[in-house]
Amino acid sequence: MKFTSSYEPSDFESDVYAAWESAGLFKPTLPQPSGIEQNTPSTYSIVMPPPNANGNLHIGHGLTIAIEDSLIRYYRLKGKSAWYIPGADHAGFETWVVYERALEKVGHTRFEYSRDELYAQVWNFVEEQRGNMELQVRSLGASCSWDDLTFTLDENVVKRVYSTFEKMWNDGMVYRGEKLVNYCPKHQTAFADIEVEQVEEKGFLYDIRYSNEIVVSTTRPETLFGDTAVAVNPEDDRYKSLIGKTVKLPLSGREIPIIADEHADPAYGTGAVKITPAHDFDDFEVGERHDLPRLRVIDDSGKLCSEYVPEVFRGLTVEEGRKAVLKALKAEGSLLNTKKIVHTVPHCYKCGAVIEPTLKEQWFVDTERLAKAAISRLENNEIKFYPKNKQKVLIDYLKGLKDWNISRQIPWGIAIPMFKKVGDAPDYPDWIFDTRVNLKEIEYGGVKYVRDEDTFDTWFSSSHWPLVCTNWEEGRENPYYPLNVMETGADILFAWVARMIMMGIYVTGEIPFREVYLHGLVLDEHGKKMSKSKGNVINPVELVAKYGSDAFRLGILRGRSAGLNQAFSEESVKSGRNLCNKLWNISRFIEVAAQMVSSREHPEATAEDETPEPRDDGSAGRRFPKGTFERKPQYETLNMSEDWICREITEAKRRIEKGMKNYRFSEVVEELYSLIWDKYADWFLEAEKIYKNLPLLKTTLESILTLLHPFAPFVTETIYQSLSWTDGFLINQKWPSDLEFDPISAENFERLVPVITETRRVLAGLPGAFKTKKYGLLYGDDSLVSDNSLLVMKLARVPSISSTSGTPRGIRLAVPNHEVYLDVPAEVIKGYKDSLTERILAVGRELNSLEKRLENPNYVKKAPEKLVKETKEGIKEKKVLIERLRKELEVIA
RNA sequence: GGACUCUUAGCUCAGUUGGCUAGAGCGUUUCUUUGACGUAGAAAAGGUCAGAGGUUCAAGUCCUCUAGAGUCCACCA
């Protein structure tokens with residue numbers, strides 16, 4: 001591939017991905033015992049939180065994949081057998097909602113079909129839509145092992161879910177219970193507590209007279225027909241005498257008892273509260289305490305029903321019913337008072353309909369044992385959390401966990417493998433477990449059983465995700481389980497992470513993952529939540545098309561920290577694109593240099609044979625300590641800037657390793673920017689325009705390509721393959737080893753840098769335009785500058801550099817330990833006066849703060865010796881500097 | 001009501017055992033048609049680290065309180 005002068009990601013990204021995939025490079029290698037580098041453990045596994053199989057990726061998926069794929073590529077380069085397992089979610093409820101809507105559009109309803117028919121229809125619907133998502137995951141560069149893709153309805157998933165359910169059934173942890181459940185009348189299904197969205201709303205509190213002595217306060221007058229008691233607080237003197245008596249319900253006239261219960265708050269409303277056990281969670285509990293009957297007066301479609309409801313109200317929706325009841329109460333004088341209040345109302349998280357707590361028979365999981373085991377592991381710090389505080393949040397959640405309703409009344413999902421006895425056969429159980437869910441009814445010892453029509457809550461099956469993706473089996477060694485890390489959104493800590501931990505421990509006895517990394521929401525550029533209605537949704541696929549996958553990944557990871565909701569904008573993606581462009585041109589420069597040198601000097605040469613050019617000071621050769629390594633070095637450093645870049649790359653690499661270990665993506669990405677852009681391109685490569693040390697250029701370029709590869713896989717791979725001297729793929733190269741360098745030489749370069757920056761600064765501050773290449777540099781007693789005059793000339797952009805020959809002139813540069821002058825004529829120096837004065841003041845302020853520190857006797861006594869010494873040296877330097885600047889000023893004035 | 005997070009440059013964010021003059025990207029200003037790159041280079045401006053107290057030789061960093069922003073859980077007849 002030819003290097004074009006500008007970076008065009010769309011030219012190569014899909015080809016590169018296809019090449020990786022067809023070469024089988026996303027598959028984990030088998031763990032190999034290694035002679036040289038011991039890597040234990042040698043595996044690294046991550047499972048992808050499965051995106052909706054028939055949906056499109058959103059920005060959250062973009063972040064997830066950017067993080068996970070960077071991790072997996074990093075550990076792959078580090079030599080681990082890395083396994084990134086992709087997934088697709090049947091997304092039970094989400095997909096069902098979409099399908100039901102489509103059904104309604106063509107004038108049908110779910111009630112026209114059997115469950116099996118509906119299941120088949122949705123299956124086909126998903127099949128048709130499927131594939132988009134997977135293409136989008138590819139476009140983001142996810143190096144996941146596609147052959148191992150797990151769909152949440154795959155046979156092995158269902159098998160595992162059934163086996164867990166059976167185990168729980170046998171362990172007595174699953175039970176059928178008639179309880180109040182969160183019920184969406186629009187979708188006609190129950191939900192778990194976590195699926196309900198609590199919304200603050202304005203409403204009314206009505207005072208309704210039940211008798212002359214008792215007036216109840218309620219927000220839901222329409223449920224009064226289901227009341228089975230009125231509760232008052234046992235300590236409430238107003239009502240003490242009434243406890244045990246009965247009262248007649250208005251409108252229906254049914255008689256109900258007055259009971260004493262702590263639930264009634266004397267300070268709220270009238271202090272007397274109607275108890276409707278079949279339609280309110282608190283009332284349900286009161287009912288249990290007092291053994292009250294539960295009367296359902298609202299049916300599955302959210303309409304008033306039952307014999308207890310006077311005929312005129314039957315069939316009305318909750319909303320209509322409320323109006324009608326209030327009107328009737330008013331008419332008979334029972335509605336005494338109406339008060340505006342703000343309260344939270346539960347809503348369906350999908351359609352927004354008000355959740356109707358409804359009495360239903362459902363399957364429940366007794367979570368006590370599950371939660372207890374999880375809490376003990378968590379308190380034992382067996383799973384490390386990023387951010388750390390989520391560990392406690394999760395423990396607190398588990399401590400208050402209630403039983404888990406796992407049945408859903410939607411056809412799209414895994415059928416609950418339970419059959420109910422038909423008729424009266426006393427010696428037979430009411431329910432039996434059987435996995436033949438394709439049958440509507442089965443026979444068991446001559447007795448007929450019919451299949452339960454419900455499906456599992458998707459979180460019930462999802463909680464097995466780490467097991468099913470890694471093909472965990474009882475009694476079989478699995479080097480990929482537990483996973484190294486579970487990476488997902490902080491918003492599903494309870495719904496998913498908590499359940500995976502509980503289920504993982506329950507089934508395998510082991511924690512399912514060693515670490516948890518939670519990312520926050522990706523907000524829009526102003527820090528607002530993205531939503532379709534606000535129109536501020538950023539589509540990752542569009543950004544990839546516009547700027548490239550690498551740019552997107554770098555942009556979304558930049559400045560991102562664990563667990564926080566953070567803003568994201570197109571600007572950060574542009575910045576990522578610019579880095580890629582930079583790297584592209586760095587590589588182009590080196591490739592061109594390589595071709596020129598090899599064709600000019602060594603037409604047949606390989607990289608090893610190329611002879612470095614001599615140093616500009618005449619000395620040459622190997623600068624790093626001999627005998628420190630056994631392999632033949634691939635390069636020799638010939639000057640300070642080369643030792644320096646080797647040092648910088650090596651140190652950056654260590655910081656990257658540390659950052660990756662701690663999931664500090666923000667710092668790692670910043671480190672890479674600074675290494676590639678500031679250090680490699682702006683300093684090192686500028687210097688190399690003089691030296692053109694090809695073996696070194698090649699080695700260092702390969703190093704930075706590898707270091708960046710986890711974050712920008714496409715551009716780094718493409719460059720790697722375009723270079724004339726490389727073979728194979730970058731994706732499975734070795735992570736760079738430390739580069740050899742002479743530390744003294746590297747430090748010397750660091751000491752020369754201020755001479756160059758000061759020259760540039762003074763030049764920029766001089767009056768008049770076109771100042772570059774106009775004034776030369778003069779050096780006095782300064783061996784570092786005189787030995788590297790060519791380098792200084794190039795970097796400082798001065799036309800000449802020479803010795804002062806004893807008589808200094810021009811502006812002396814304000815650099816400690818250097819004697820360098822900018823050869824500027826006297827009349828120009830005059831214009832420099834202001835900037836010089838400003839500089840003296842600035843250095844003076846710095847000196848002041850250092851001196852103040854030293855004046856404190858406790859500082860000298862208690863601070864580390866090293867610090868005190870540094871402070872003293874600093875003072876000395878500043879003093880010399882100020883003295884020098886003052887003299888300069890005198891000359892000008 | 002309980003818990004958690006955040007408040008650092010115009011904007012978005014880094015800053016992990018407390019330690020030299022608090023950093024980055026974008027934006028802004030000035031200069032540069034240098035033979036990798038104008039998706040660039042060089043230079044610069046811009047901060048009482050939300051506020052108040054405390055601990056310490058030393059606080060953006062630790063503690064307490066206050067204010068503001070946000071999230072989660074529970075409750076609300």
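Proteins come first, then strands; the chains are lettered A, B, ... in the order of their sequence lines, and each starts at number 1. For the numbers below, each heavy atom of this structure counts, side chains included, while hydrogens, waters and symmetry mates do not.
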Which part of the nucleic acid does A/E571 contact within heavy-atom distance under 4.0 Å: base, sugar-phosphate only, or nothing? sugar-phosphate
Quantified in whole Å, what is the P atom distance between nucleotide B/A14 and nucleotide B/C62? 15 Å
Rounded C1' spacing from B/A43 to B/C4 in Å: 45 Å
So what does A/L205 hit on the nucleic acid, given a heavy-atom distance under 4.0 Å: a base, only sugar-phosphate, or nothing? sugar-phosphate
Given the structure, check if the side chain of A/K390 and the base of B/U5 hold any donor-acceptor pair shorter than 3.5 Å. no
Can you list the stems that include RNA chain B, where a stem is three or more consecutive Watson-Crick or G-U pairs with distances under 3.5 Å? B:1-7 with B:67-73, B:10-13 with B:23-26, B:28-32 with B:40-44, B:50-54 with B:62-66
Heavy-atom check, side chain of A/W677 versus side chain of A/N578, under 4.5 Å: yes
Mark yes or no: A/R558 above the aromatic ring of A/F568, with NZ or CZ under 6.0 Å from the six-membered ring centre and no more than 45 degrees from the axis. no
Which nucleotide wins on minimum distance to the side chain of A/E667, given the candidates B/C20, B/U56, B/A14? B/A14
Distance, rounded to the nearest Å, where A/L398 contributes CG and B/A3 contributes P: 19 Å
Give one of base, sugar-phosphate or nothing for A/T276, where a contact means two heavy atoms less than 4.0 Å apart. nothing
What is the distance from CG of A/L672 to P of B/A24, rounded to the nearest Å? 16 Å
Any idea which of B/C4, B/C26, B/G19 is nearest the A/P864 side chain? B/G19
Please determine if a side-chain N or O atom of A/S572 lies less than 4.0 Å away from the OP1 or OP2 oxygen of B/C13. no
Taken to the nearest whole Å, CG/A/L493 to P/B/U5 is 14 Å
When the C1' atoms of B/U71 and B/A9 are compared, how many Å lie between them, rounded to an integer? 27 Å
Roughly how far apart, to the nearest Å, are B/A59 and B/A74 at atom P? 43 Å
Base, sugar-phosphate alone, or nothing: which one does A/F568 contact when heavy atoms must sit under 4.0 Å apart? nothing
For the pair A/E571 and A/K574, find out whether any cationic side-chain nitrogen is under 4.0 Å from an anionic carboxylate oxygen. yes
Could you walk me through whether A/K546 and A/E570 pass the salt bridge (Lys or Arg N to Asp or Glu O under 4.0 Å) test, one step at a time? CA-CA 10 Å; A/K546 200 165 165 191; A/E570 197 163 325; 2.6 Å; yes
A/T367 side chain vs A/K402 backbone, donor-acceptor pair below 3.5 Å: yes
Partner residues of A/R853 under the side chain to side chain contact (heavy atoms under 4.5 Å, CB included) criterion, sequence neighbours left out: A/L850, A/Y859, A/T871
For the pair made of CZ in A/R558 and P in B/A24, what is the distance, rounded to whole Å? 10 Å
Kindly point out which of B/U12, B/U5, B/C20 is positioned nearest to the side chain of A/A567? B/U12
When you match A/K878 and A/G271 each to their closest nucleotide on RNA chain B, which lands nearer the 5' end? A/K878
Look only at the side chain of A/T276 and the backbone of A/A278, and say whether a donor-acceptor pair between them is shorter than 3.5 Å. no
Give the rounded distance in Å between these two atoms: CG of A/D280 and P of B/C75. 10 Å
Using a heavy-atom cut-off of under 4.0 Å over every strand shown, decide if A/T871 touches base, sugar-phosphate, or nothing. nothing
Respond yes when some side-chain nitrogen or oxygen of A/Q566 is under 4.0 Å from OP1 or OP2 of B/A14, and no when none is. yes
Tell me what A/K388 touches on the nucleic acid: a base, only sugar-phosphate, or nothing, going by heavy atoms under 4.0 Å. nothing
Test of understanding: with ring-ring contact (aromatic ring centres under 6.0 Å, His included), list the residues that count as partners of A/Y206, not counting sequence neighbours. none
Which part of the nucleic acid, if any, lies within reach of A/R220 when heavy atoms closer than 4.0 Å are counted: base, sugar-phosphate only, or nothing? nothing
Generate the contact string for nucleotides 35-42 of chain B. Rules: B means base contact, S means sugar-phosphate contact only, - means no protein heavy atom under 4.0 Å. -BB-BSSS
Could you tell me how the ring of A/W584 sits relative to the ring of A/F3: parallel (under 30°), tilted (30 to 60°) or perpendicular (over 60°)? perpendicular
Taking the side chain of A/F494 as its heavy atoms from C-beta onward, which of B/U21, B/G25, B/C72 lies nearest to it? B/C72
Measure the distance from CG on A/N565 to C1' on B/U7 and round it to the nearest whole Å. 15 Å
So A/S666, base contact, sugar-phosphate only, or nothing? Heavy-atom distance under 4.0 Å. sugar-phosphate
Separation of atom CD in A/E285 from atom C1' in B/C75, rounded to whole Å: 12 Å
How far, in whole Å, is B/U7 from B/G60 if one measures between their P atoms? 15 Å
Calculate the interatomic distance between A/Y673 atom OH and B/G15 atom C1'; express it in whole Å. 18 Å
Validation: residues 585-593 of chain A side-chain donor-acceptor distances under 3.5 Å, sequence neighbours left out:
{"residue": "A/N585", "atom": "OD1", "partner": "A/R588", "partner atom": "NE", "Å": "3.2"}
{"residue": "A/N585", "atom": "OD1", "partner": "A/R588", "partner atom": "NH2", "Å": "3.2"}
{"residue": "A/N585", "atom": "ND2", "partner": "A/N581", "partner atom": "O", "Å": "2.8"}
{"residue": "A/N585", "atom": "ND2", "partner": "A/N581", "partner atom": "OD1", "Å": "3.3"}
{"residue": "A/S587", "atom": "OG", "partner": "A/L583", "partner atom": "O", "Å": "2.7"}
{"residue": "A/E591", "atom": "OE1", "partner": "A/S724", "partner atom": "N", "Å": "3.0"}
{"residue": "A/E591", "atom": "OE1", "partner": "A/S724", "partner atom": "OG", "Å": "3.2"}
{"residue": "A/E591", "atom": "OE2", "partner": "A/Q595", "partner atom": "NE2", "Å": "2.5"}
{"residue": "A/E591", "atom": "OE2", "partner": "A/S724", "partner atom": "OG", "Å": "2.9"}

Between B/C57 and B/A50, how many Å separate the two P atoms, rounded to a whole number? 25 Å
Among residues at least two apart in sequence or on other chains, which ones pass side chain to side chain contact (heavy atoms under 4.5 Å, CB included) with A/I492? A/W459, A/T488, A/A495, A/W496
When rounded to the nearest Å, what value does the distance between P atoms of B/G1 and B/A24 take? 44 Å
Closest to the A/L564 side chain: B/A14, B/C57, B/U21? B/A14
Student check: side-chain heavy atoms of A/L777 and A/L822 closer than 4.5 Å: yes
Pairwise C1' distance, B/A36 and B/G41 [rounded to whole Å]: 12 Å
